[in-house]
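In what follows, chains carry the letters A, B, and so on, assigned in the order in which the sequence lines appear, proteins first and then strands, with residues in each chain numbered from 1. All values derive from a computational prediction rather than experimental measurement. The analysis underlying the following values was restricted to heavy atoms, covering all of them including side chains, and did not include hydrogens, waters or symmetry mates.
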There are 2 protein chains.
Amino acid sequence: MELFQERGYVRTTVEEIAARAGLTERTFFRYFTDKREVLFSGSSDLQKRMTDATTDAPEATAPLDAVAAALEAAAAALQQHRDESYVRARHALLTAHAELRERELIKLASLTSAVAQALRKRGVAEPTASLTAEAGIAVFKVAFERWVTGTEPRDFSQHVRTVLDELRAVTAGSARPMEAARRESPRRRRTSK
Amino acid sequence: MELFQERGYVRTTVEEIAARAGLTERTFFRYFTDKREVLFSGSSDLQKRMTDATTDAPEATAPLDAVAAALEAAAAALQQHRDESYVRARHALLTAHAELRERELIKLASLTSAVAQALRKRGVAEPTASLTAEAGIAVFKVAFERWVTGTEPRDFSQHVRTVLDELRAVTAGSARPMEAARRESPRRRRTSK
DNA sequence: AAGGTGATGTCAGTTTCTGCCATCAGGAGG
DNA sequence: CCTCCTGATGGCAGAAACTGACATCACCTT
């Protein structure tokens, strides 16, 4: 990250990164499959937290609410493990370089299918599982963007809740809503839990 | 595509591709920024169709339904312009090579923000616009996957409609639904149409 | 005929990434 | 203490992707 901020991502060579770490280029490629990968070391950890949270949600929890729990877990992990300056610097790099955004997107896709998998383990059928996971990660993306971009120091988990409610509003307010919903699960009263 | 099927994607060199087209490697890179890009030439066209469809939906149409129109447009374009064997071959390449999936994901992300942009032009506010676009593209992904993977020769647009209904079911059947919805739009009775 | 323009070719060079083999430190077992 | 094994690292050569600079050529305009 030091080097990336000194000379920018593209002009920083893998050899330089390795040297700064007291290693060789060859060794770098033994730890990271890619030059890009060096910016995504935490992602497998995040994924584990989120799938665990999905799996551990109480049995009666609706699919989307299990995913909401995963999002809360992610929010907690993010605010704990990374200081804000690192997150912002990283985010600046990602938005500036398409190759890095690509990598982020595939990480998010992997996250999505992992969450879908966790939902299936809960007994959620396809395509509900995939779809709920997709929607949940969409919420994650939008909320994260608003969190990093936003000026006011608002809580990430607060953003998550807001955006999740927005999602529910979006899909509730459109045509042809119901026959599938009735099939899926018994009507649920606004459980204050 | 010929070469990719003869020797596989990785063992096909850009020089070979260019030669097969009667050109030089250098010229290839004047037309395509990337080796990957050669498999995504149609994407900007698809994007235009979808944003147009979003923009052209009748004024009273709800956001998600405008996006549904865009999905219909995409389905029409796909079934018209590409024969099935090409679509399947391409899909096989994309699932086999992570670098290609990355590229596809960024194309879909670009599509998402273009659709969000089109929604904003309709007067849809943030974050509803982004969120609706994300959800819509999620439907596209899931429906496309089912279409290509599926054995029965079902219509793509048919898949789209099914998955869209599933999405509505997913978000309808979860907790804490309403305060955002109430803010967003006047109460809407479960319209049977 | 002269000049301009756009598409292509040629070439040299950088960087990423891989395969192969050598080295070296430390632990296990004799 | 010696030996063998193993895991981590370095060194090196090479393929392939990509870039920049310049040359060439066809074609069009004037």
Side-chain angles (χ1 to χ4, degrees), chain A residues 1-45 47-48 86 89-110, chain B residues 1-45 47-48 86 89-110:
Chain A
M1 192 54 98
E2 286 170 24
L3 283 165
F4 290 157
Q5 296 198 314
E6 287 171 22
R7 339 187 178 184
Y9 176 76
V10 256
R11 271 160 309 181
T12 304
T13 181
V14 172
E15 196 177 355
E16 291 167 341
I17 300 174
R20 179 70 61 100
L23 292 172
T24 337
E25 193 191 10
R26 192 65 186 86
T27 303
F28 175 95
F29 283 113
R30 287 202 182 91
Y31 283 86
F32 303 99
T33 62
D34 244 19
K35 178 179 174 184
R36 292 160 222 167
E37 201 62 20
V38 83
L39 283 162
F40 296 87
S41 56
S43 72
S44 74
D45 182 67
Q47 176 164 322
K48 180 161 176 17
Y86 175 86
R90 182 175 176 281
H91 185 255
L93 282 177
L94 292 224
T95 55
H97 300 283
E99 35 179 325
L100 294 175
R101 230 174 312 140
E102 285 187 342
R103 182 55 50 86
E104 165 153 77
L105 289 173
I106 209 172
K107 294 293 183 187
L108 286 172
S110 152
Chain B
M1 192 53 97
E2 286 170 23
L3 283 165
F4 290 158
Q5 295 198 316
E6 288 170 20
R7 341 189 175 183
Y9 176 77
V10 257
R11 270 159 311 181
T12 303
T13 179
V14 172
E15 196 178 354
E16 291 168 340
I17 301 174
R20 178 71 60 101
L23 292 172
T24 336
E25 194 192 8
R26 193 63 185 85
T27 303
F28 176 96
F29 283 114
R30 287 201 182 93
Y31 283 86
F32 304 99
T33 62
D34 245 15
K35 177 180 175 185
R36 292 159 222 168
E37 200 62 19
V38 83
L39 284 163
F40 295 88
S41 56
S43 71
S44 74
D45 182 66
Q47 176 163 322
K48 179 159 176 17
Y86 175 86
R90 181 174 175 283
H91 186 255
L93 283 177
L94 291 225
T95 54
H97 300 284
E99 33 178 327
L100 294 175
R101 230 173 313 141
E102 285 187 341
R103 182 55 49 87
E104 164 153 76
L105 290 173
I106 208 171
K107 295 292 183 187
L108 287 172
S110 151

Under-4.0 Å side-chain N/O to phosphate OP1/OP2 contact, B:Thr27 with C:dT8: no

Nearest-Å distance for atom pair NZ/P, residues A:Lys35 and C:dT14: 16 Å

Side-chain donor/acceptor of A:Ser110 to backbone N/O of A:Ile106, under 3.5 Å: no

Axial cation check for A:Phe40 ring with A:Arg90, 6.0 Å and 45° limits: yes

Distance in angstrom units between A:Ile17 CD1 and C:dC17 P, rounded: 10 Å

For atom CZ of A:Phe28 and atom P of D:dA8, their distance in whole Å: 17 Å

Any B:Thr13 side-chain nitrogen or oxygen under 4.0 Å from OP1 or OP2 of D:dA17: yes

Candidates C:dT18, C:dT10, D:dC18 - which lies nearest the side chain of A:Phe29: C:dT18

Options D:dC12, D:dC18, C:dT10, nucleotide nearest the side-chain atoms of B:Arg26: C:dT10

Presence of donor-acceptor pair under 3.5 Å, side chain of B:Arg30 and base of C:dG9: yes

Side chain B:Arg36, main chain B:Leu100, donor-acceptor under 3.5 Å: no

Touch class at under 4.0 angstrom, heavy-atom based, for A:Tyr31 against every strand present: sugar-phosphate

A:Lys35/A:Glu25 ion pair, N-O < 4.0 Å: no

B:Phe32 CZ to D:dC18 P, straight-line distance once rounded to whole Å: 13 Å

Nucleotide C:dT16, atom P - distance to NE2 of A:His97 in whole Å: 13 Å

Length of the CZ-P vector between A:Arg36 and C:dT15, whole Å: 16 Å

Between D:dA16 (P) and B:Arg11 (CZ): distance, integer Å: 12 Å

DNA chain C: 5'-proximal contact among A:Glu25 and B:Leu23 (nearest heavy atom): B:Leu23

